[in-house]
Amino acid sequence: MLDLRRIRTDPDEVAAGLARRGEDPEELAQVVRLDEAHRALETEATDLRREVKQLSKQVGQLRREGATDEAATVADKSRSLGERQHALAAEADELARQLRDRLLRIPNLPADDAPDGAGPQDNVELYRVGLAPEGFEDHQRVPHWESGPDLGILDLERAVRMSGSMFAMYRGLGATLNRALCQLALDTNADAFEEVRPPSVVLTDTMVATGHLPKFAEDAYHMAADELYAIPTAEVPLTSLARGEILAEDDLPARYMAYSPCFRREAGSAGRDTRGLLRLHEFDKVEILAYATEAQAGGLHEELLGRATRLIESLGLTYRVLDLCAGDLGGSAARTFDIEVYAPGVDAWLEVSSVSWFSDYQARRAEIRYRPADGSANQPVHTLNGSALAVPRVWAAIIETCRCPDGSIRFPDPVLPYLRGAVGVAADGTPLRSDT
RNA sequence: GGAGGGAUGGCAGAGCGGACGAUUGCGACGGUCUUGAAAACCGUUGAGGUGCAAGCCUCCGGGGGUUCGAAUCCCCCUCCCUCCGCCA
């Protein structure tokens, strides 16, 4: 969430930032009004509280001196003040609750260098790598939802039978490839990132910390009986790893990575991208995440982007990098680079990674701070994260890109060590081995 | 799931209705001493809010209550530990 003090000192600057996102200015105005009302009440209640405390001390003093009558008089006075104080404090608490609730729904300010724009059409393409989309051959123009089931490595029909639409089931080498991609992503980042295997189901506060709640409740799977949520990304538990903690500056940057299943209701996208693996209610992903100081954040953002693109590149896929415009930024993000992979079979760019810098927005919600080495006041950390690899779309792009003229698939080199000797799938669905 | 015990500052651990934001020990940091270090000694050492500042206020797992006054008493919840049951 935004820093209330900043809202008070530079309301115009904050309003300008939110306007770049296309936010309704009234939301911020409400927060400002609530904050003022809250502080006025709080001050009044605090003054009364002080008086009550002082009077109470007098009561104790007078009793000890044996002046019981006087003590009773002072106690009476203190009681009536206390009653008023109680009422004011309750009112102040209620305002504080409303204020926080509103503040939690206000998105982060876009970074100064995030491009202007209202929506996806205004995102800025920074660069492309790999074969141009027009350069792909006809044998690569087969959508994965056709070749996958034909080769017996993808079973969409039965997945739908057991779980409904937008669920997938991988089989045989398809399932192995899925796992191989996870393992590859973890192994290539193990040089700098601590591997974590977090819970896949979390409490409400954990979802609030990243910004997935309260505003986007309809996107999350909620287990009402136990007040738990299925995580939409490992970003959620990893961001809460240090929740409520004060880190030493020496600990920063701290880098973590995690494989996790991801669950998304995709409430707003019914009927869109429903075919194949393009949009699923459950998928596997490896996430990389860092806590940093403000000074370190820029460099780390580049590092995370570099790691994500190198991995895609090593798989031989065509991709492009987009700088998201202010209007298309996720609620918690200040700056985001999207990596989109070209899938020749469906002839579309698929978002496979969002590498984001959240400034101190998430850390404020999660109360993650660090103690500066120079002894100055504790600061919220900056958080950054990105998908190292989101499996289904990469899986689909590989199946399409790596399809040979004879209908077989030859997997890219980096995954081969994880495929138990297989190097691809023959057109009849049998595994291809390195010696054949 | 049942029965009992517990939750206090970085850690350990007192406090059980009045000067307690909290004794003390350890750790950490600064200083004295020392060629350097150790030891010893002295000092500092939780977080948040508000205020120009002095200060004031809040926080002893969370929420509610009793009281002039709550870390201390009462109620509810959560988590941890021990024992029993069940179980991958």
Side-chain angles (χ1 to χ4, degrees), chain A residues 1-9 11 31-104 197-209 223-229 237 240-252 254 261 360 363-381:
Chain A
M1 69 193 150
L2 297 181
D3 183 4
L4 253 182
R5 258 169 305 191
R6 183 153 177 216
I7 293 177
R8 295 202 278 257
T9 36
V31 165
V32 171
R33 280 196 292 273
L34 276 169
D35 179 45
E36 281 166 5
H38 171 248
R39 278 198 298 162
L41 270 176
E42 185 74 29
T43 307
E44 209 179 327
T46 296
D47 289 347
L48 280 171
R49 175 73 183 152
R50 179 171 53 242
E51 276 192 70
V52 169
K53 284 181 76 165
Q54 283 166 354
L55 291 175
S56 293
K57 280 185 185 172
Q58 282 181 32
V59 174
Q61 183 76 34
L62 290 167
R63 285 246 174 105
R64 250 169 280 133
E65 289 165 4
T68 29
D69 287 355
E70 266 183 81
T73 312
V74 177
D76 276 352
K77 189 177 172 200
S78 178
R79 183 189 297 117
S80 62
L81 283 180
E83 278 163 12
R84 261 200 70 212
Q85 188 268 333
H86 217 77
L88 283 175
E91 231 180 298
D93 284 353
E94 171 59 20
L95 283 186
R97 223 207 74 248
Q98 286 177 27
L99 176 60
R100 182 178 160 79
D101 198 63
R102 295 244 170 213
L103 198 55
L104 282 175
R197 178 51 252 247
S200 305
V201 164
V202 298
L203 297 167
T204 305
D205 285 348
T206 308
M207 291 285 280
V208 170
M223 285 155 266
D226 298 291
E227 210 36 48
L228 289 168
Y229 292 84
S240 277
L241 195 78
R243 194 162 87 228
E245 297 184 22
I246 302 174
L247 310 173
E249 183 169 352
D250 285 353
D251 295 337
L252 301 174
D360 58 6
R364 240 176 248 292
R365 290 168 163 257
E367 293 179 272
I368 307 170
R369 289 162 287 174
Y370 76 96
R371 215 184 302 283
D374 64 11
S376 56
N378 295 343
Q379 297 290 323
V381 301

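Lettering follows sequence order; numbering is per chain, from 1.
- Look at the P atom in both A39(B) and A28(B): the space between them is 9 Å, to the nearest Å.
- Within 6.0 Å of atom CD in Gln379(A), more than 12 heavy atoms from other residues, nucleotides or ligands are found, so the atom counts as buried in its surroundings.
- The side chain of Asn378(A) has G48(B) as its nearest neighbour among C68(B), G48(B), C56(B).
- For G25(B), the paired nucleotide is C11(B), the pair qualifying as Watson-Crick or G-U wobble because both relevant distances are below 3.5 Å.
- Residue whose closest nucleotide on RNA chain B sits further toward the 5' end, between Ser78(A) and Asp93(A): Asp93(A).
- Results of the salt bridge (charged side-chain N to carboxylate O under 4.0 Å, His left out) test with Asp35(A) over Arg8(A), Arg5(A), Arg6(A) single out Arg8(A) as the only residue that passes.
- With a cut-off of 3.5 Å on both pairing distances, C33(B) has no Watson-Crick or G-U wobble partner at all.
- On the P atoms, A22(B) is 25 Å away from G30(B), given to the nearest whole Å.
- Phosphate contact (OP1/OP2 of G46(B), side-chain N/O of Arg371(A), threshold under 4.0 Å): absent.
- Closest to the side chain of Ser56(A), out of C68(B), U50(B), A47(B), is C68(B).
- Side-chain contact check for Gln58(A) and Gln54(A): no donor-acceptor pair (N or O, by modelled atom type) lies under 3.5 Å.
- Atom CG of Leu203(A) is separated from atom P of C77(B) by 18 Å (rounded to the nearest Å).
- Applying the 6.0 Å contact sphere to CZ of Arg243(A) captures more than 12 heavy atoms from other residues, nucleotides or ligands.
- Applying the Watson-Crick and G-U wobble criteria (two distances, each under 3.5 Å), A70(B) pairs with nothing in any strand.
- You'll find that the side chain of Arg8(A) is closest to U50(B), out of A70(B), C68(B), U50(B).
- G61(B): Watson-Crick or G-U partner is C77(B), with both key distances under 3.5 Å.
- Counting non-hydrogen atoms under 4.0 angstrom, Glu42(A) reaches nothing in the nucleic acid.
- Distance check on atom C1': C83(B) versus G46(B) gives 37 Å, rounded to whole Å.
- In this entry C83(B) has G2(B) as its Watson-Crick or G-U wobble partner, both defining distances falling under 3.5 Å.
- Candidate nucleotides C57(B), G48(B), C68(B) were compared by shortest atom distance to the side chain of Arg369(A), and G48(B) ranks first.
- Here Arg63(A) lies in heavy-atom contact (under 4.0 Å) with a base.
- Across A37(B) and C29(B), the matching P atoms stand 13 Å from one another, rounded to whole Å.
- A70(B) and G64(B): their P atoms are spaced 14 Å apart (whole Å).
- Annotation: of the two residues near RNA chain B, Arg39(A) and Val59(A), the 5′-most nearest-nucleotide partner is Arg39(A).
- Across G15(B) and U24(B), the matching C1' atoms stand 11 Å from one another, rounded to whole Å.
- A donor and an acceptor atom, one from each side chain of Arg63(A) and Thr68(A), are nowhere located under 3.5 Å apart.
- Comparing the P positions of G61(B) and C56(B) gives a spacing of 25 Å, expressed to the nearest Å.
- Computed from coordinates, the His38(A) NE2 to G48(B) C1' distance equals 13 Å when rounded to whole Å.
- Taking atom P on both nucleotides, G62(B) is separated from A54(B) by 29 Å, rounded to a whole Å.
- Nucleotide U50(B) forms a Watson-Crick or G-U wobble pair with G55(B), both donor-acceptor distances falling under 3.5 Å.
- Distance CD (Glu83(A)) to C1' (C68(B)): 11 Å, rounded to an integer number of Å.
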